[in-house]
Peer 1: 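Below you'll find the structure I mean.
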Amino acid sequence: MNKMILNNGVVIPSIGLGTYPLFGSQLSQIVLTAYDCGYRLFDTADNYYNEEDLGNSFSNLYHKRGNIREKLFIVTKISDELYRQNEITPGMNKGIYFWKNSPYMRSNHACHDIVTKKIETSLRFLKTDYIDLLLMHRPYPDFFEEIWYEMEQAYKAGKVRAIGLCNSYERHLDKLLKSGTVVPMVNQIETSPLNTKKVLIDYYTSKKVQMMVYSPLQTLKCKKEIEFLQYLEKISCKYGKNIGQVLLRYHIQRNLIPIPKSTNVNRLQSNIAVFDFCMTDTEIEELSSFNIDYQYLPESKGCPGF
Ligand SMILES: NC(=O)c1ccc[n+]([C@@H]2O[C@H](COP(=O)([O-])OP(=O)(O)OC[C@H]3O[C@@H](n4cnc5c(N)ncnc54)[C@H](OP(=O)(O)O)[C@@H]3O)[C@@H](O)[C@H]2O)c1
C-alpha cells in the first residue's frame, strides 16, 4: 500500500474507501472485501448514519482477520446534523448546532459539550480508542474557530491522531493559522479534471496541508463532456487501464488522496490497482485542461464556501 506522511508525521494511505451510503451487512461485506483488496483507510462521518454499522463491520473484520486495528486508518467527521441529537442533547428535537441563533448554542460551553460528545459517540460507535483523522465536515461560519479549538483539544488528548477540514477555502486556513495552535493536517474537497481547484490546492499544499478528494469518480457521470471522456478513453487504452483507474491515478499524481466508494467487487479491486502505471506530466496537464469548474455536489447554502 502506498502511503503519504501528514505534517505531524502520521502516515496515511494514498487511497481510501468512501463508505456513504453503505449500511448493515452490505457495509460489513464491503469492508472485508476492501480490506482483502488492500484498502486500509475508511472514510465516514457522523451524519452518514453508518458509524455504528462501520464499527460492527470492523468487529467482523477483526474476528475474521485478527486484531488489525493498527493497520486501519479510520476517518470520521464532525457534522452539523440532527443525527443522534437526542443522545447528545436529550430533549432537543429540532434545530442545528453550529448556528449562533440556536437556543442550545447560546448556553455556556455548548460548543465544547457538543464536540466532546460527538467524538465520544464516534469512538464508541466505531469501537476504537482513537480516531486516525477527525475532520470538520464544513467550515461552519458561526463556530469555525471554536469547533477547531475543541478538535485541537481532542488531538492533544490523544483521542485523534490527526485533525483537518473539509470543503474549506484559503481564508479558512488563514484563520486557523492565525488563531489556532495546530495546523490542519488535511482538507477533504471535491476536485476533478473538470474542476481542478489548482489555486486552492497549491495554497494548502504550500502550508503543508494534505488534500483528500471526495467523489473522485463522480465526474464520469458528466456525460456531456464528450471530449473529456474521449480523452480518458484514449489514455485508458494506452495504459491498459479502465477510465476509473485513469481518473484515480490523476488524483494520485497530483499528490491527492482519493476515497472512491464502490459496492461492486470488481470495481473495488480495480479502483485500488492504480499504482502500477504512471501518466506523463503532459497527460496530467491535458486532463487538467478540461477544467470548467464543474461541481458535482453543490455547496451548502446553509454554510456557503462558504
Ligand atoms: N467531505 C464531504 O463533504 C464528502 C462529500 C461527499 C462524499 N464524501 C466521501 O467520499 C466518498 C466517495 O464519494 P462518492 O460516493 O460521492 O463518489 P465516488 O466514490 O467518486 O463515486 C461513487 C459512484 O461511482 C461508482 N463507481 C465506483 N467505482 C467506479 C469505477 N471504477 N468506474 C465507474 N463508476 C464507479 C459507484 O458505483 P458502484 O457502487 O456501483 O461501484 C458510485 O455510483 C463517500 O463515500 C464519502 O465517504 C465526502
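When a ligand or atom number is given, it counts from 1 through the structure's own listing order. Everything quoted here is computed from the prediction, not taken from an experiment.
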Peer 1: Check the side chains of Ser215 and Glu190 for a donor-acceptor pair under 3.5 angstrom, ignoring hydrogens and angles.
Peer 2: no

Peer 1: Short list, please: which atoms of ligand 1 are under 4.0 Å from a heavy atom of Pro216?
Peer 2: 18 (P), 19 (O), 20 (O)

Peer 1: Examine the proximity of ligand 1 to Gln218 and report which part, side chain or backbone, both or neither, has a heavy atom under 4.0 Å away.
Peer 2: both

Peer 1: For Glu286 and Tyr231: C-alpha separation, side-chain torsions, deciding distance, then whether side-chain hydrogen bond (donor to acceptor under 3.5 Å, both in side chains) applies.
Peer 2: CA-CA 9 Å; Glu286 282 176 353; Tyr231 187 78; 2.5 Å; yes

Peer 1: For Val160 and Met151, what are the C-alpha separation, side-chain angles and deciding distance, and is it a side chain to side chain contact (heavy atoms under 4.5 Å, CB included)?
Peer 2: CA-CA 9 Å; Val160 300; Met151 291 172 68; over 6 Å; no

Peer 1: Should Arg69 and Asp132 count as an ion pair when the cut-off is N to O under 4.0 Å?
Peer 2: yes

Peer 1: Answer side chain, backbone, both or neither: which part of Ile243 comes under 4.0 Å from ligand 1, heavy atoms only.
Peer 2: neither

Peer 1: Out of Lys261, Gln245, Met212, who gets a non-hydrogen atom closest to atom 22 (C) of ligand 1?
Peer 2: Lys261

Peer 1: Can you give me the closest heavy-atom contact between Ile74 and Leu126, atom names plus distance?
Peer 2: CG2-CD1, 3.9 Å

Peer 1: Out of Leu248, Asn242, Leu247, which residue meets the side-chain contact (heavy atoms from CB on, under 4.5 Å) rule with Gln245?
Peer 2: Asn242

Peer 1: Can you tell me if Arg138 has a non-hydrogen atom under 4.0 Å from ligand 1?
Peer 2: no

Peer 1: Atoms of ligand 1 less than 4.0 Å from His137 heavy atoms?
Peer 2: 1 (N), 2 (C), 3 (O)

Peer 1: Distance alone, cut at 3.5 Å: any donor-acceptor contact between the side chains of Asn56 and Lys127?
Peer 2: yes

Peer 1: Please state whether Lys77 comes within less than 4.0 angstrom of ligand 1, counting heavy atoms only.
Peer 2: yes

Peer 1: Taking distance alone, with N or O pairs closer than 3.5 Å, would you say Lys221 contacts ligand 1?
Peer 2: yes

Peer 1: With atoms numbered from 1 as shown, which atoms in ligand 1 lie under 4.0 angstrom from a non-hydrogen atom of Ile259?
Peer 2: 9 (C), 10 (O), 11 (C), 12 (C)

Peer 1: For Glu70, is the CD atom crowded, meaning more than 12 foreign heavy atoms sit under 6.0 Å from it?
Peer 2: yes

Peer 1: Is it true that the side chains of Asp174 and Tyr203 contain a donor and an acceptor less than 3.5 Å apart?
Peer 2: yes

Peer 1: Which is it for Ser215 and ligand 1 at heavy atoms under 4.0 Å: side chain, backbone, both or neither?
Peer 2: both

Peer 1: Would you please name every residue forming a side chain to side chain donor-acceptor pair (under 3.5 Å) with Lys156, sequence neighbours left out?
Peer 2: Thr181

Peer 1: Select the closest option to atom 4 (C) of ligand 1 among Tyr214, Tyr296, Tyr20, Phe42, judged by heavy-atom distance.
Peer 2: Tyr214

Peer 1: Find all atoms of ligand 1 within a distance of less than 4.0 Å from any non-hydrogen atom belonging to Pro260, and give their numbers and elements.
Peer 2: 19 (O)

Peer 1: Which part of Gln188 is near ligand 1, with near meaning a heavy atom under 4.0 Å away: side chain, backbone, both or neither?
Peer 2: side chain

Peer 1: Could you tell me which atoms of ligand 1, counted from 1 in the order shown, lie closer than 4.0 angstrom to a heavy atom of Tyr48?
Peer 2: 4 (C), 7 (C), 8 (N), 9 (C), 46 (C), 47 (O), 48 (C)

Peer 1: Number the atoms of ligand 1 from 1 as they appear, then name those within less than 4.0 Å of a heavy atom of Gly18, with their elements.
Peer 2: 11 (C), 44 (C), 45 (O), 47 (O)

Peer 1: With heavy atoms under 4.0 Å as the rule, classify the contact between Leu297 and ligand 1 as side chain, backbone, both or neither.
Peer 2: side chain

Peer 1: Side-chain polar contacts of residues 3-19 - donor-acceptor pairs under 3.5 angstrom, sequence neighbours left out - could you list them?
Peer 2:
from	atom 1	to	atom 2	distance (Å)
Asn7	ND2	Pro184	O	3.0
Asn7	ND2	Lys208	O	3.1
Asn8	OD1	Val10	N	3.2
Asn8	ND2	Tyr155	OH	3.1
Asn8	ND2	Arg161	O	2.9
Ser14	OG	Asn2	O	3.0
Ser14	OG	Lys3	N	3.2
Thr19	OG1	Asp43	O	2.7
Thr19	OG1	Asn50	ND2	3.3

Peer 1: Show the atoms of ligand 1 that are less than 4.0 angstrom away from any heavy atom in Asp43.
Peer 2: 9 (C), 46 (C), 47 (O)

Peer 1: Should one rank Val274, Thr263, Leu217 by closest heavy-atom distance to atom 39 (O) of ligand 1, which comes out on top?
Peer 2: Thr263

Peer 1: Do Pro216 and Tyr250 touch side chain to side chain, with heavy atoms closer than 4.5 Å?
Peer 2: no

Peer 1: Under 4.0 Å, heavy atoms only, figure out whether ligand 1 is touched by the backbone of Thr44, its side chain, both or neither.
Peer 2: neither

